[in-house]
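So the structure is just underneath, and the comments pick up after that.
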Amino acid sequence: MVNAIKIPFLDLITPHTELQEQLIARFKEALQTACFVGGSAVEDFERDFADYCQASHCAGVGSGTDALRFALIAAGVAPGSIVVTVPNTFIATSEAITQAGAVPYFVDVDERTYNMNPENLREFLETECITTDHCTIHRITGAPVAAVVPVHLYGQMADMDPILEMAERFNFMVIEDACQAHGAQYFSHNQARWRTAGSMGKAAAFSFYPGKNLGACGEAGAVTTNDPELATKIRMLRDHGQSSKYFHDIEGYNGRLDSIQAGILRIKLARLTEWNTKRRANAVRYSDLLSTQTAIIKAPYEPSWSRAVYHLYVVQVEARDRTQQQLAAAGIGTGIHYPIPLHLQKAYLGLGSRAGVFPVAEAAARRILSLPMYPELTGEQQQRVVEGLVNAVNQASVDQLSLARSS
Ligand SMILES: *Cc1c(COP(=O)(O)O)cnc(C)c1O
């Protein structure tokens with residue numbers, strides 16, 4: 001084989017090798033002080049991460065899923081209400097909605113950005129719901145639309161201006177799923193300035209799962225918000241509803257961010273701007289390399305109002321599964337985010353949806369392929385990925401043709 005050296009989909013070894021001494025020092029400090037839960041390490045990280053997101057508050061929690069669930073509950077999403085999101089996301093988005101007691105509704109996405117299409121949201125609110133002075137309720141069930149969760153998928157922010165305008169007009173809250181978008185930016189024409197993911201909604205959820213742009217060495221997450229009361233509620237929810245030790249004002253959860261992870265995240269946060277810059281540069285390089293292949297490979301689209309942080313670099317190809325197999329055989333790792341839209345998952349058969357209801361998300365799910373993307377990826381590796389991809393796409397279409405002929 002020509003290219004014997006593999007190109008992994010993700011490289012979690014290099015950044016940790018580089019930071020090894022600092023990370024070990026943090027771990028030793030935790031052992032020496034035995035401060036494993038809470039304390040200044042958590043508070044220091046929370047302050048730094050709030051600043052990074054240009055939000056006034058941050059509460060560290062156990063995972064991105066905790067962050068979403070606590071944000072919805074703390075924002076006041078009542079049991080039985082509707083929370084609208086998109087079908088092409090990780091299931092944690094809708095799990096959190098259900099676990100907050102609400103019912104997930106989906107609206108289809110924009111075919112170029114893969115993010116919530118505001119027009120589809122508007123159509124849902126105008127045709128399937130009725131708006132009174134105080135709220136918007138579903139015509140058939142009568143359930144109120146409490147919140148909308150736009151997902152900043154692949155590291156690119158959803159089109160927030162129209163969604164926030166609708167939030168005013170239809171009386172719902174916006175909770176950002178920023179689990180893939182640490183540091184992503186959006187130019188708000190309404191506010192005439194760039195805004196950072198995590199600063200625009202009522203609250204935002206972040207995940208620090210190891211593979212995210214900012215990843216812990218284990219599980220972790222955070223909620224950011226500009227609302228001090230909401231931040232206080234999240235701090236109670238993550239800690240068994242305690243307002244102070246053994247005073248439980250409400251029932252909560254065990255969903256804290258531990259001190260070792262907080263310390264590790266703070267060390268890594270100092271590198272995040274540099275890492276995101278490298279990811280953006282890698283995205284530009286991929287897109288340049290792909291610019292002559294637009295007939296067979298669709299590259300990601302970044303609107304002028306977006307500065308994406310490329311958690312994933314996702315292309316579309318025709319014979320995706322065969323292409324992926326070919327690439328794997330050539331030693332190039334890829335992923336699919338996500339192969340089955342949520343409304344078609346077994347877990348959601350009960351919601352009564354069916355194939356064909358969200359055509360954009362469904363078509364994308366058949367064609368999307370995530371290429372290797374991380375700060376350490378080199379230009380030479382990217383060239384090999386694109387060469388491998390072009391070969392694989394061509395080979396896959398030949399294979400499919402002969403398969404069709406022989407059957
Ligand atoms: C990773 C992720 C989550 C969940 O985060 P965890 O930390 O794994 O709980 C939620 N939503 C999206 C879009 C994600 O990518």
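Excluded from the calculations below are hydrogen atoms, water molecules and symmetry mates; all remaining heavy atoms, backbone and side chain alike, are included. Note that ligands are numbered from 1 as they come in the structure, with each ligand's atoms numbered from 1 the same way.
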At a 4.0 Å threshold, what atoms of ligand 1 neighbour a non-hydrogen atom of [X]?
X	answer
Cys179	2 (C), 3 (C), 10 (C), 11 (N), 12 (C), 14 (C)
Gly64	5 (O), 6 (P), 7 (O), 9 (O)
Asp177	10 (C), 11 (N), 12 (C), 13 (C)
Thr65	4 (C), 5 (O), 6 (P), 9 (O)
Thr93	11 (N)
Ser63	7 (O), 9 (O)
Ala92	3 (C), 4 (C), 10 (C)

Worksheet item: Out of curiosity, is His311 lining ligand 1, as in a heavy atom under 4.0 Å away?
Response: no
If we count only N and O atoms by modelled type, under 3.5 Å, do the side chains of [X] and [Y] hold a donor and an acceptor together?
X	Y	value
Asn213	His311	yes
Gln156	Asn115	no
Arg320	Gln324	no

Item to complete: Indicate, with yes or no, if the rings of Phe45 and Phe208 have centres closer together than 6.0 Å.
Response: yes
Item to complete: Please name the pair of heavy atoms, one in Asn226 and one in Ser56, separated by the smallest distance, quoted to 0.1 Å.
Response: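 Closest approach of Asn226 to Ser56: OD1-N, 2.9 Å.
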Worksheet item: Which heavy-atom pair separates Pro300 from Val314 by the least distance, and what is that distance?
Response: CG-O, 3.3 Å
Worksheet entry | Protein heavy atom at shortest distance from atom 2 (C) of ligand 1 | Lys212 NZ, 2.7 Å
Fill in: Passing option when Tyr154 is tested against Tyr114, Phe90, Tyr301 for ring-ring contact (aromatic ring centres under 6.0 Å, His included)
Tyr114
Worksheet item: Can an N or O of Phe208 be found at a distance shorter than 3.5 Å from an N or O of ligand 1?
Response: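 Looking only at distances, the answer is no, because the N/O contact criterion of under 3.5 Å is not met.
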Worksheet item: Less than 3.5 Å between some nitrogen or oxygen of Thr89 and one of ligand 1, yes or no?
Response: no
Worksheet item: Counting heavy atoms only, which of Ser207, Ala178, Pro210 is nearest atom 7 (O) of ligand 1?
Response: Ser207
Worksheet item: Going through the checks in order, is the salt bridge (Lys or Arg N to Asp or Glu O under 4.0 Å) test met by Glu318 and Lys298?
Response: CA-CA 10 Å; Glu318 182 63 41; Lys298 185 178 161 189; over 6 Å; no
